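One structure is given here, and the rest of the page talks about it.
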Amino acid sequence: MSNTFENWLVVSDIDGTLNNKIRRLPKRNYDAIKEFTEKGGNFTLASGRLTSSLKRNYDRVTPNQPAIVLNGAGLYDFGKNEMLWRSTIGKEGQDFVRKVLESYNEAFKSLDVGIYFDDYVYIVKQGLLGRWTMNIDKAHYEVTSIDDVPTEGWMKVIFWGLPVNINSLRRLIDRSPIKNEVNFMASSLWTMEMLAKDTHKGTAIMELAKRMGIEKSHVAAIGDYFNDWDMLQTVGLPACPAQAPKAIHDLCSYEACHCNDGCVADLLEFIMSGKAEKMVHLKHLARGDE
């Protein structure tokens, strides 16, 4: 068994994964991340947040690689304070946002809309849900007309609304060709997010792995909910905490403990024990690679 882990990249979701259910970091996670990175392992975080919002969580642990921000629309190096890679929304997606603003502008059929750039949000339709998110994330934002939003650099769009209106939006998407031009994901009962086509956390993770020269079989990710689905489908070793929905468990190769008990530590200890390496070896044998 190797005592160093330079050939592994591990990526963790934050809320309900790195943090416990009350958004606190279990000490067990901190200690395991520190041990893993000191032994040469590569560790970072993946989030839907802006860079400045993610930084508070990034600085609480000892990651040593660029972070996945805005649900995979960007790869940000906190050491250099630089966005290394972006995937931006084009004209088709921008036109769809205008259509939504026109269609969902009645009092009881309303959606808040935020357009996210690297570390700034333009709120083009404001309501309680959008305002609450900006306050929770301590985001840099302004309320403005969509006509005043730059056309270059759209990283993602969030639609906030009552579940009945989010479901209505989902039906609109299903009837529209736009579903083939961008990527939509429901991040909660109250939110629908739009990113560029084929863009999600897994896209950015594999871009990072490619830059580092790490094989997919040694890329692990852990997440707890359906907005982590694409990420978990993409990596070589998908993992989830115990409280994740059954469908997420069914997708994963490794099931950790509850997030309150330090599920990230479970995954890192599994890798550092050598058991993950044996799993990779057996998969290679099953495919006839060796």
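Since the model is a prediction, treat every value here as computed from it, not as a measurement.
- For Thr199 and Asn183, the side-chain atoms include no donor-acceptor pair closer than 3.5 Å.
- Side chain of Arg28 to backbone of Gly262: a donor-acceptor contact under 3.5 angstrom is found.
- A salt bridge between Lys179 and Asp174 is absent, with no side-chain N of the basic residue lying under 4.0 Å from a carboxylate O of the acidic one.
- In terms of modelled atom types and a separation under 3.5 Å, the side chain of Asp137 and the main chain of Ser53 share no donor-acceptor contact.
- Side chains of Cys259 and Asp224 form no contact here, defined as non-hydrogen atoms less than 4.5 Å apart.
- Side-chain atoms of Asn227 do not come within 3.5 Å of backbone N or O of Met185 as any donor-acceptor pair.
- Here the side chains of Val69 and Leu50 are not in contact, with every heavy-atom distance at 4.5 Å or above.
- Taking the side chain to side chain contact (heavy atoms under 4.5 Å, CB included) definition, one finds that Ser12 meets it with Thr17, Leu18, Phe43, Leu45, Ile222, Val264, sequence neighbours left out.
- The aromatic ring centroids of Tyr104 and Phe159 lie 6.0 Å or more from each other.
- A donor-acceptor pair is defined here as one N or O able to donate and one able to accept, closer than 3.5 Å; no such pair exists between the side chain of Asn165 and the backbone of Leu111.
- Checked by atom type and distance alone, the side chain of His200 pairs as donor or acceptor with a backbone atom of Thr203 at under 3.5 Å.
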Could you tabulate the donor-acceptor pairs under 3.5 Å formed by side-chain atoms of residues 125-134, not counting sequence neighbours?
from	atom 1	to	atom 2	distance (Å)
Lys125	NZ	Ser110	OG	2.9
Thr133	OG1	Leu129	O	3.0
Thr133	OG1	Trp160	NE1	3.0

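- Among residue pairs with one or both ends in residues 59-68, those qualifying as side chain to side chain donor-acceptor pair (under 3.5 Å) are Thr37-Thr62, Asn42-Gln65, Lys55-Asp59, Asn57-Arg60; sequence neighbours excluded.
- Here Asp230 does not pair with Lys201 in a salt bridge; the nearest charged N to carboxylate O distance is not below 4.0 Å.
- Remark: Glu207 engages Lys210 in a salt bridge, criterion side-chain N to carboxylate O under 4.0 Å.
- Using a 4.0 Å cut-off between charged side-chain N and carboxylate O, Arg98 and Asp147 make a salt bridge.
- The main-chain N or O of Val100 is never found under 3.5 Å from a side-chain atom of Ser103 such that the two would form a donor-acceptor pair.
- With hydrogens and angles disregarded, a donor-acceptor distance shorter than 3.5 Å links the side chain of Asp77 to the backbone of Lys80.
- A donor-acceptor contact shorter than 3.5 Å is absent between the side chain of His218 and the backbone of Leu9.
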**OP:** Mind running ring pair (Phe, Tyr, Trp, His ring centres under 6.0 Å) on Tyr141 and Tyr122 for me, showing each step along the way?
**Re:** CA-CA 6 Å; Tyr141 75 99; Tyr122 292 93; over 10 Å; no
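- Inter-residue side-chain proximity for Ile146 and Ile115 is flagged as met; some heavy-atom pair is nearer than 4.5 Å.
- A salt bridge is defined here as a Lys NZ or Arg NE, NH1 or NH2 lying under 4.0 Å from an Asp or Glu carboxylate O, and Lys246 with Asp250 meets this definition.
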